[in-house]
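Working notes, structure below.
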Amino acid sequence: MLKGRLEDDRMLSGRGRYVSDWTLPRQAWACFVRSDRPHARIVSVEKEQALEIEGVIAVITGDELVKAGLKAIPAAAPFKWRDGSDQRQAQRLSLAHEVVRHVGEPVALVVAETAAQAQDAAEALVIEYEDLPAVVSAEQAIAAGAPQLHASAPGNLVLDFVGGDEKATNEAFAKAAKVVKLTAYHSRVIGNPMEPRAAMGSYDPAKDLYFLHATTQGVGPMRGQLAAVLGVPPEKVRVVAEEVGGGFGVRFNAYPEYGALLYAAKKLGRPVKWVGTRSEVFLGDEQARDIVHTGEMALDANGRILGMRFDYLSNMGAYVVFTGSVVNTLGLVNVNCGVYDVQAVHVRGRLVLTNTVPTAAYRGAGRPVASYSLERLVDEAAREMNMDPAEFRRRNMIPARKMPYKLVGGFEYDSGDFSAVMDKALKASRWDSFSGRKEEAKKRGRLRGRGIATYIEMTAPGGFAPHDQVLINWEDDGRITLRTASHNHGQGHETTFAQIVSRVLGVPVEKIRLRTSEPEYNLVANPTGGSRTLHGLGSAMHWASQEIVKNGLSLAGEHLESAAQDIEFKEGDYRIKGTDRHVRIEELAKLFPGRLDLDFTGRPKVGATFPNGCHIAEVEIDPETGECEIVSYVACDDVGTIINHQIVEGQMQGGVTQGAGHIFLEQGVYDSSGQLLTGSFMDYAMPRAGLVGGLTVTDHAVPTATNPLGAKGVGEGGVTGSMPALMNAVIDALRPAGVKHFDMPASPRRIWQALQSAR
Ligand code: MCN
């Protein structure tokens with residue numbers, strides 16, 4: 001039986017190869033000079049002093065890159081304006097040109113023989129700016145007279161889109177017995193993968209190929225984005241990533257530094273390496289969320305939801321980046337009715353520019369925002385209707401018999417049994433005996449609250465590559481090497497993909513290894529993201545293995561001197577039916593070298609999946625200090641067929657803890673001038689493993705037929721379910737003390753202040 005994960009030994013014994021571990025012959029070192037202004041015109045850059053420092057090789061500015069023809073980083077938008085016109089541009093260049101728009105924006109690249117020399121020279125660079133007025137909140141940015149960031153986006157608005165059915169929704173509200181409304185703020189988070197961002201650009205003049213080693217989540221899309229920046233065909237770019245120390249959504253897009261490093265490498269004829277600092281993560285990595293939403297729900301007299309409206313105002317930061325567009329449109333509307341049977345839903349979203357770091361995907365990519373908006377509103381509605389929140393949810397849920405269920409606006413849930421999932425969660429959380437625990441806590445002077453949330457997500461089918469390419473090769477020692485270009489940032493792919501192949505080929509898991517960072521193979525791949533890798537790439541692995549088994553039938557026939565149709569395959573063994581004459585698949589691979597290898601590209605893409613769940617949290621607040629403890633947490637999820645229970649449980653734990661971090665601790669804060677106040681771990685609190693007490697992870701699998709594994713994604717569900725469940729619990733605890741509205745983060749200071757104001 002498999003214990004732990006195949007990759008753990010390597011990772012835990014320091015043998016992982018992170019981006020900063022890579023070295024190339026003759027590599028030079030880079031340091032980026034970043035803007036210390038939120039909004040300013042670049043008047044001049046004086047390089048002389050910097051160039052005089054020992055070891056300095058070059059100082060490159062945005063002017064030079066524009067003259068050399070480098071283009072903006074692409075940021076396609078999936079949605080149109082409500083009048084049908086295209087999203088407006090707010091282009092991000094590899095180094096700022098003429099204007100800087102946020103603190104931390106790269107302005108110049110200094111290259112030197114050592115990292116220390118590059119840093120000394122960066123500090124010696126003299127940049128003269130002319131300050132411009134800045135704006136940091138989305139509400140202020142769309143107000144009349146606000147400072148303007150890009151001439152291409154008047155009023156700082158890049159997109160004003162709608163989704164759903166406006167007419168049906170208006171009709172539903174017109175006949176409502178009750179309307180419930182809630183406005184809430186989703187605070188800004190700053191993703192902090194373990195390895196700070198690092199990259200190394202190099203160029204091979206003989207082959208005219210650019211190489212980038214980078215902390216990225218997906219070599220496929222990165223390659224296309226960099227090719228667009230450099231103005232070359234994608235075949236001319238190779239991206240390499242092995243261990244990256246986490247991705248969490250913020251390592252998806254091509255960052256400005258990458259184009260600049262590749263340009264420098266070609267110009268200087270040397271690899272150029274940059275290893276960022278934690279401060280640069282805070283100032284330079286994409287941030288996320290920072291959204292104000294208003295939700296409204298129309299109810300009939302029996303607590304049935306007739307219709308819902310959602311209005312989102314998203315702070316996109318200074319530039320629109322690719323995933324920023326996607327998460328603030330599709331991510332917010334894809335599953336607009338949640339698990340509820342409502343056919344009148346209308347969503348409006350506005351994407352607004354401000355002088356802050358650009359916002360983009362962060363674990364959940366819009367879905368945690370959508371589920372938080374919906375589930376906070378559902379709780380308010382249950383309260384207004386004087387109903388048990390679980391009963392209110394049950395009354396409105398899509399019943400399993402209605403599957404497949406078509407949503408207003410297009411998508412279709414293929415499978416799910418939402419009330420069964422909730423029942424299991426209710427039982428595990430001891431829902432019915434909560435009042436006793438609340439009373440007991442009261443005797444100890446504590447406020448106990450309980451929060452429930454259901455969620456459903458759409459995990460990406462994978463739209464970046466036409467297919468997931470898989471190479472399967474048999475090695476001389478009987479082992480199998482799987483090659484793909486979708487890589488692992490901690491999700492455990494080495495283990496689960498080996499399991500999928502092992503199940504079909506009957507070869508032990510330990511004999512199968514996964515390779516994902518060999519640019520010479522130049523494979524077609526989707527990124528690791530959208531919780532799609534198992535059902536997307538995993539399905540390709542499954543199909544490829546089946547094809548190998550099929551190819552082996554005639555070889556086994558040849559070897560056993562029998563017709564292929566008389567041979568059966570079971571658990572790694574080809575056998576002439578009804579006889580004891582057989583040959584193992586490993587042996588066959590040796591007998592016919594190369595004939596059981598496969599370059600698999602053939603199958604169509606799999607469909608999206610709709611993982612869903614019900615999460616229930618109990619918290620206790622100390623009213624004297626405002627401290628809030630998560631005392632129990634139950635997650636019951638339907639992620640379809642599970643390949644590896646331990647990994648799925650780990651993904652859930654990680655996701656729930658990440659959601660709890662956002663609800664209780666994390667908040668990216670800018671002052672009104674545009675300076676980031678939370679620029680280090682001294683002022684930005686990250687969650688730790690012990691934050692979520694009493695965590696129980698359980699599942700209720702309803703396999704999907706949209707892929708051959710029956711699996712649904714799991715990578716983001718923990719965040720999507722936990723945020724509303726935890727905040728509903730906090731508010732449930734605070735309400736008896738008179739607090740009616742509360743926004744994240746639920747830090748001790750903010751809770752204490754809310755209690756004081758309510759007194
Ligand atoms: N799995 C399974 N059975 C299922 C579903 C998944 O055994 N029914 C396993 C998979 O084989 C895989 C893992 O669970 O090992 C996650 O699979 P999946 O849901 O397909 O998600 P991805 O592999 O596509 O990972 C992306 C997802 C996202 S979008 C973010 S963000 C995130 C996450 O994964 N970032 C992570 N989890 C992370 N975990 C770590 N450690 N680090 C990150 O950066």
Side-chain angles (χ1 to χ4, degrees), residues 2 5-8 11 16 189 191-195 215-218 241 243-252 286 288 323 326-327 331 360-368 457-462 464 468 484 486-501 503 514 516 525-542 606 608-613 637-659 697 699-704 706-707 709-720:
L2 181 67
R5 307 185 310 171
L6 296 179
E7 48 267 79
D8 287 343
M11 307 290 277
V189 274
N192 267 291
M194 281 187 291
E195 184 179 21
T215 42
T216 169
Q217 288 187 239
E243 255 81 68
V244 295
F248 303 113
V250 296
R251 298 279 166 88
F252 194 96
E286 287 152 4
T323 53
V326 175
V327 306
Y362 180 64
R363 203 167 187 178
R367 287 110 68 188
E457 308 187 282
M458 179 176 150
T459 65
F464 293 93
D468 292 284
T484 104
S486 298
H487 69 286
N488 186 0
H489 337 129
Q491 291 90 348
H493 292 168
E494 282 175 58
T495 308
T496 41
F497 291 147
Q499 284 180 274
I500 290 169
V501 173
R503 281 203 311 206
L514 181 69
T516 58
N526 278 289
T528 298
S531 300
R532 59 88 50 195
T533 314
L534 177 72
H535 63 88
L537 179 58
S539 296
M541 298 268 181
H542 174 85
V606 299
T609 74
F610 295 93
N612 57 86
D637 304 275
D638 164 17
V639 299
T641 308
I642 292 177
I643 303 298
N644 184 312
H645 278 268
Q646 189 188 19
I647 287 179
V648 163
E649 192 170 330
Q651 285 291 312
M652 255 317 142
Q653 280 178 358
V656 168
T657 307
Q658 210 165 334
V697 176
D699 69 278
H700 180 89
V702 182
T704 173
T706 60
N707 66 69
L709 305 171
K712 304 175 184 178
V714 71
E716 295 157 290
V719 182
T720 310

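One-based numbering, in listed order, for ligands and for the atoms of each. Quick caveat, the model's predicted, so the values are computed rather than measured.
- Of the N or O atoms in T528, none lie within a sub-3.5 Å distance of an N or O in ligand 1.
- We find that E716 and R363 are not joined by a salt bridge, their nearest charged nitrogen and carboxylate oxygen being 4.0 Å or further apart.
- For the pair G364 and ligand 1, the shortest N or O to N or O distance does not fall below 3.5 Å.
- Within 6.0 Å of the CE atom in M194, the count of heavy atoms belonging to other residues, nucleotides or ligands does not exceed 12.
- Shown in contact with K712 at under 4.0 Å from a heavy atom are these atoms of ligand 1, numbered in order with element: 4 (C), 5 (C), 8 (N).
- Protein heavy atom closest to atom 23 (O) of ligand 1, with residue, atom name and distance, is H493 NE2, 2.6 Å.
- Of the possible polar contacts, one joining the S486 side chain to the N526 backbone as a donor-acceptor pair under 3.5 Å is found.
- Remark: side-chain polar atoms of T495 are paired, donor with acceptor, to backbone N or O of L6 under 3.5 angstrom.
- Checked by distance only, ligand 1 and H535 stay at 3.5 Å or farther apart across all their nitrogen or oxygen atoms.
- Shown in contact with G247 at under 4.0 Å from a heavy atom are these atoms of ligand 1, numbered in order with element: 43 (C), 44 (O).
- Considering backbone and side-chain N/O atoms, T641 comes within less than 3.5 Å of an N/O atom of ligand 1.
- Within the structure, the closest approach of G530 to ligand 1 falls below 4.0 Å when heavy atoms are considered.
- Side chain of K712 to backbone of A701: no donor-acceptor contact under 3.5 angstrom is found.
- Nearest protein heavy-atom contact of atom 11 (O) of ligand 1 is T496 OG1, 2.8 Å.
- When the heavy atoms of Q658, Q491, R363 are ranked by distance to atom 34 (O) of ligand 1, first place goes to Q491.
- Distance from atom 21 (O) of ligand 1 to its nearest protein heavy atom, with residue and atom name: S531 CA, 3.4 Å.
- Regarding atom 24 (O) of ligand 1, its nearest protein heavy-atom neighbour is T533 OG1, 2.6 Å.
- Here L534 has heavy atoms under 4.0 Å from ligand 1 in both its backbone and its side chain.
- Using a 4.0 Å cutoff on heavy atoms, G640 does not count as a contact of ligand 1.
- Counting the atoms of ligand 1 from 1 in the order shown, those under 4.0 Å from a heavy atom of A711 are 8 (N).
- Formation of a donor-acceptor pair under 3.5 Å by the Q651 side chain with backbone atoms of V714 is not found in this model.
- Judged by distance alone, the side chain of N707 and the main-chain N or O of A711 form a donor-acceptor pair under 3.5 Å.
- Considering only non-hydrogen protein atoms, atom 7 (O) of ligand 1 sits nearest to N644 N, 3.0 Å.
- Of all the atoms in ligand 1, the ones that sit under 4.0 Å from a non-hydrogen atom of I647 are 9 (C), 13 (C), 14 (O), 15 (O).
- Put simply, the side chain of R503 never gets that close to the backbone of I500: no donor and acceptor are under 3.5 Å apart.
- Near G246, meaning under 4.0 Å from one of its heavy atoms, ligand 1 places the atoms 44 (O).
- Counting only heavy atoms of the protein, atom 43 (C) of ligand 1 lies nearest to F248 CE2, 3.2 Å.
- Within the 3.5 Å criterion, the main-chain N or O of Q646 finds a donor-acceptor partner in the side chain of N644.
- Residue contact check: G249 has heavy atoms under 4.0 Å from atoms 31 (S) of ligand 1.
- Atom 16 (C) of ligand 1 has as its closest protein heavy atom V714 CG1, 3.9 Å.
- Taking the six-membered ring where tryptophan is involved, the planes of H487 and H489 are perpendicular, since the angle between them exceeds 60° and thus also 30°.
- Residue-ligand proximity, E716 to ligand 1, at heavy-atom distances under 4.0 Å covers atoms 28 (C), 29 (S).
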T323 and E286: side-chain contact (heavy atoms from CB on, under 4.5 Å), yes or no, with the steps?
CA-CA 10 Å; T323 53; E286 287 152 4; 4.3 Å; yes

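- For atom 37 (N) of ligand 1, the choice among M194, Q651, H489, H487 with the nearest heavy atom turns out to be Q651.
- Panel note: side chain N612, backbone F610; a donor-acceptor pair is recorded below 3.5 Å.
- At the top of the distance list for atom 3 (N) of ligand 1, counting protein heavy atoms only, stands I643 N, 3.2 Å.
- Within ligand 1, counting atoms from 1 as listed, the ones closer than 4.0 Å to a heavy atom of G713 are 19 (O).
- Ligand 1 has no nitrogen or oxygen under 3.5 angstrom from a nitrogen or oxygen of V648.
- Remark: side-chain polar atoms of T609 are paired, donor with acceptor, to backbone N or O of G713 under 3.5 angstrom.
- Ion pairing between a basic and an acidic side chain is recognised when a charged N comes within 4.0 Å of a carboxylate O; R532 and D468 show such pairing.
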